[in-house]
Each structure stands twice: as structure tokens, then as C-alpha cells.
Trainee: 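First the structure, which I've put down as C-alpha cells, then a few questions once you've had a look.
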Amino acid sequence: MNMSYSVIARKWRPATFDEVIGQEAVIQTLKNSIAEGRIHHSLIFSGLRGTGKTSTARIYAKALNCKNGPTVEPCLECDACKEIAEGRDIDVMEIDAASNKGVDDIRNLKEIVQYPPIRDRYRVFIIDEVHMLSTHAFNALLKTIEEPPSYVVFILATTEPHKIPATIRSRCQIFEFKKIPPVQIIRHLKDICDKEGIDIEESALKLIVDASEGSMRDAQSLLDQIVSFSGGKITEEDVSIVLGVPDSTVFFKIFKAIVNDDRKSIVDILDKLEERNTDFVKFVLRLGEFFNNLLHAIVNNDKDFFPEELKEKKFSVEDVIRYLNVILQNERFVRESFNPRIAVELLLFKMVFASKVMPISELISKKKLINKTTTKTESEKLQNLNLDENQLKENHSDKGDDILNFVRKSFEDFEEIAPILRKAKLDLEGDIITVNLHPLPNSVKELIENKVFKSIEGNAHIKFQKRIKLNLEISGGNNNPVSESEKIANHPLVKKILEEFEGRIERIIK
Ligand SMILES: [Zn+2]
């Protein structure tokens, strides 16, 4: 992708400290030093490409050299301000350390710094990609940085600060430019689109920002490319074509194919993506995001997430969690595979199979259906069988039982995740109830702790006139297979199932 030329990036380059986005700490420190008259003479700006290093360097140069300066608010109108913004101020020199000319400039540095600035207050050297300098050039630079004349300021910009010799680093004030948070890039791009009269879908913006990985310049360049591709109205599909990443409709198609065990559709979709030169490694990352968002949408009953034809359908949270697990477990294989396309196909097929695993509760209710005509005693037996496994194990005082039963009942209010919560082992000690569950995706954990627990704690307070606290505990993964197998074989529920279905344990799959 060619990032060298971007109309939007150039036009919307920040001109003042306050316009720099996502670098609050750096900007505040620079402003303070100017306001207090402590001018740094050697600065390192380190950070990812497109995070505002060179723009900030120019703003710093303007702040020092503005006719009203040094000031934290350069006027932007005097000759110095204008010429620095355009990169043609005679006293502010921008050197590209990666170019031949740059190397020559560094060689002549010692001589140049001897002369005071011609018009401005300070002679500023902005050295871009400074880590590209040779040892020889670094030595030349070191000599000038060691004893700089009072009118000289060096700003060394780099994406790889560790490649700058320690002798130079120790003489510089170091400023770290952070990856710009996605929300801030989205907000800024939206602002640009509004002002430029570009009509862009929110999902299209998100796709651009995902691809730009915290670099404002990349995000702006992508926006530029897409504008020249599709004009003033930009859809998610436009962006997906330009970037070679699938849009959300593709993920919904894949989701439907998995649910319907439609393996032919999966292959067809992948063929199309391959024709479009899709990057399958990125594809898997977005697939994971999609299923994570899907999980949130189901749990929060967010109908807006779904396309029209799926809005009224019910989906199983347990299935989606299983899909997510398959993605998490196989994502690395796709990344390392010599043929990511095949690895993705395999992953999607595994997801199809994952949805065929039948939960025990379902198995039992099927059995119940088959045995509809059973005698009374036998149906009673089944009644017992349906007793939750954990209720068999819990043994508490009456009062405690009331509270625990209340908590269990409350789980059912959260329809979508009740199947998970039902499996919890509860333990009451004092006013604290430990809810023990098997490993869960983080998003589900957060949901349980922030939504479910808070709500139950509130209701319990009203009902029992006392404060109880719910604590989530995750367990699982025993490294002693023998005792684990025994434990499983001796589990009351397992025993009952074996008895009921006249089965035996073949092997235990974790
Ligand atoms: Zn000015």
C-alpha cells in the first residue's frame, strides 16, 4: 500500500498542539516546558509511524520561532509559522536520515550549527528516521549534541528508539508517542468526512480504522484511496473491496452456513474471498471479532446487530462460545500455515462440528421424549436424573439454602446465559457466595460479573435485608489425569447416566 501521498493527511495535518490527537501526555509536557521557559535542546520523539511525531516536531518549531514566541499558541500567521508549516523555513531543517542527502546533511552538521539562525530565534533540526544513521553519522551527531550552541534544537524522530546509541539517548529528553486509540481515529475521520461532505457508513469507518492499526496517517491515506475509488458516498462494501478484507455481510453468511451445516456454501464463500485476494490471517482476526460481537448481541438482546432475516431468530449462547473457542484454538495454525486458506477452511469445518456436540441436558430431554410411555416409577427416575448435578453436592444450613436457592433461581432471569450459570457450583461462606464455573471467554466473564452478579446482589439485599457478595471463581484443568478420571466416573450425574442408558465409560475427552 502506498502511503506516500495523501491529500487528506496533508490537508488535515495538525497545526497547533491542541490539534494533535491521542498524544495528550507528550503534548502537555511540551507545553509546560515552553510555558515555563525550559526549552529542551535535544529531544527524541519515538513511536509508531503516523502517530504525529513529525507534525508535533513542526509545531514545537513554530512554538519556539513564532514572532510571538516562545509560546504554546503559535500565531500560524507570521512568516516563521507559515514557512515552518510548509517545510521551507531557512532556519528549520528537516533531514531524512534514510536518504543520501540526509547523510550528507548530517556530515555537514558540525559546520552548520556554528552559525546562528538567520531570521528565527532557534535553529531547529528535525531528523526523521534517525535510527537509520550509520555509526559514523551518529558520532558526528553526538559531537554536536554534546555541546550544542544555545540557539540549536534537535528533534530526533524514530520508530525504533533502541537503535539509537545510548550515548545519544542519555543526552536527550525522550517523548513516547502512543498508538492512537481507535475511538479517537474514528471521531477524527468522521469530523473530516463531515467537513469534506463525504457520506460514510459507520461500519466502513470502523473497517478503515481496524486496518490502520493506530496510525492516523495510514487511516487518512486509506480514506483518501477509498474516496478516489467510490466518490462522496462510501459503504462498508467499498472499503472491503479496497482493503481486501471481508465486510460483515460475509461473516453473517459464514455464520448461517455453519449453523445450517452447509459446507458447500463455506467453500464457495472462501473461493470468492480468495479471488478477491483476501488476507486470510487478517480474516481470522476479524472472524473472532465478529463472533465476539455476535455473543454480545445475543446476550444483550441487541437486534440491531443482525440483518433483517436473522432479527427474529434465536441463537444458542453455548454454541457461539464453542465457535469462539474453536477460533481461539486454531487462530495460530492459520497464522503459521503455509496455506492460510486451507487452514481457514479447516477451522470453519471444525466450527460446523462444534455445533453438533450435544449438551447433556439436551441428551437427557431427548431420552425423556423417547420414554414418553414409561411407567410412573420410571418417569420419576428421570425426574431425579434432571436434578442439577451441583444441587446433589451442595449441603448447607437452611438459611444458607434459602439464599443459594434464590441465587440459583435468579440465574434463570438471564435467559441467554442461564445454561452456563446452571452449571455453577455455589459455595456460601459468611456473606460471600463463590460461584465456581469452568473456563469462559473474557467477555462472558465480564458480563456475569458486571451485569448478572450486580443485579442478583441488589435483589438479594432487598429480599434478605442483608448484603451478600457474589464472587466468580474459574476452575478446571487438573494435571492429574488418574484422579480426574476417577472423579468423573464417580460423579453422581455420570453414574446416573450410565445406569439410565446402560452405558460404560469408553474414554474421557476434555
Ligand atoms: Zn507565528
Side-chain angles (χ1 to χ4, degrees), residues 6-47 50-96 102 105 109 112-130 144-145 148-158 172-177 180 184 188 191-192 195-196 216-217 220:
S6 168
V7 184
I8 287 175
R10 199 168 292 186
K11 185 168 171 188
W12 292 91
R13 189 167 209 174
T16 63
F17 283 126
D18 292 335
E19 284 174 17
V20 177
I21 289 166
Q23 308 299 348
E24 291 76 8
V26 167
I27 297 302
Q28 196 53 51
T29 315
L30 287 174
K31 277 165 115 180
N32 289 349
S33 78
I34 293 168
E36 292 160 13
R38 290 180 291 107
I39 306 300
H40 300 297
H41 287 270
S42 307
L43 306 86
I44 290 177
F45 285 1
S46 84
T51 48
K53 298 186 295 295
T54 318
S55 299
T56 306
R58 283 187 180 182
I59 295 168
Y60 191 66
K62 281 191 276 189
L64 295 180
N65 284 337
C66 174
K67 73 173 183 353
N68 304 333
T71 168
V72 291
E73 283 173 2
C75 74
L76 308 185
E77 276 163 8
C78 69
D79 290 342
C81 281
K82 276 191 195 154
E83 288 173 15
I84 292 170
E86 288 160 16
R88 56 183 185 86
D89 186 303
I90 194 157
D91 292 320
V92 176
M93 200 169 168
E94 289 189 30
I95 300 170
D96 177 6
D105 287 341
L109 213 53
I112 306 171
V113 295
Q114 289 173 3
Y115 305 107
I118 293 166
R119 177 195 59 203
D120 296 345
R121 212 166 285 117
Y122 290 92
R123 201 180 256 289
V124 182
F125 297 92
I126 301 171
I127 308 181
D128 232 343
E129 307 283 350
V130 71
T144 39
I145 283 184
S150 61
Y151 50 77
V152 168
V153 171
F154 284 103
I155 303 173
L156 315 178
T158 179
C172 295
Q173 189 85 16
I174 299 179
F175 295 85
E176 281 173 30
F177 284 65
I180 305 171
Q184 284 184 305
H188 186 61
D191 195 35
I192 292 176
K195 287 180 179 145
E196 296 280 337
M216 183 65 85
R217 187 170 56 227
Q220 290 173 334

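Residue numbers run from 1 in the order of the sequence given. Since this is a predicted model, take the numbers as computed values, not measurements. Ligands are counted one by one from 1 in listed order, and the atoms in each one are counted from 1 as well.
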Trainee: State, to 0.1 Å, how close Arg121 and Tyr151 come at their nearest heavy-atom pair, and which atoms those are.
Mentor: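 Scanning both residues completely, I find the closest heavy atoms to be O-CB, 4.0 Å.
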
Trainee: For residues 66-81, which side-chain donor-acceptor pairs fall under 3.5 Å, sequence neighbours excluded?
Mentor:
{"unit_1": "Thr71", "atom_1": "OG1", "unit_2": "Glu73", "atom_2": "N", "d": "2.9"}

Trainee: Students often mix this up, so state it plainly: with edges at 30° and 60°, are the rings of Phe45 and Phe177 parallel, tilted or perpendicular?
Mentor: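 If you compare the ring of Phe45 with that of Phe177, the planes turn out tilted.
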
Trainee: Check this for me: Glu176, atom CD, are more than 12 non-hydrogen atoms of other residues, nucleotides or ligands nearer than 6.0 Å?
Mentor: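 No - once you tally the heavy atoms of other residues, nucleotides and ligands closer than 6.0 Å, there are 12 at most.
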
Trainee: Who pairs with Asp105 by side-chain hydrogen bond (donor to acceptor under 3.5 Å, both in side chains), at least two apart in sequence or on another chain?
Mentor: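 Testing Asp105 for side-chain hydrogen bond (donor to acceptor under 3.5 Å, both in side chains), a comparison that skips the adjacent residues, returns Lys101.
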
Trainee: For Asp96, check side-chain hydrogen bond (donor to acceptor under 3.5 Å, both in side chains) against everything at least two apart and list the hits.
Mentor: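 Partners of Asp96 under the side-chain hydrogen bond (donor to acceptor under 3.5 Å, both in side chains) test: none.
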
Trainee: Around the Zn ion (ligand 1), list the protein N/O/S atoms within a radius below 2.8 Å, excluding water molecules.
Mentor: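 Cys66 SG, Cys75 SG, Cys78 SG, Cys81 SG, with waters left out.
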
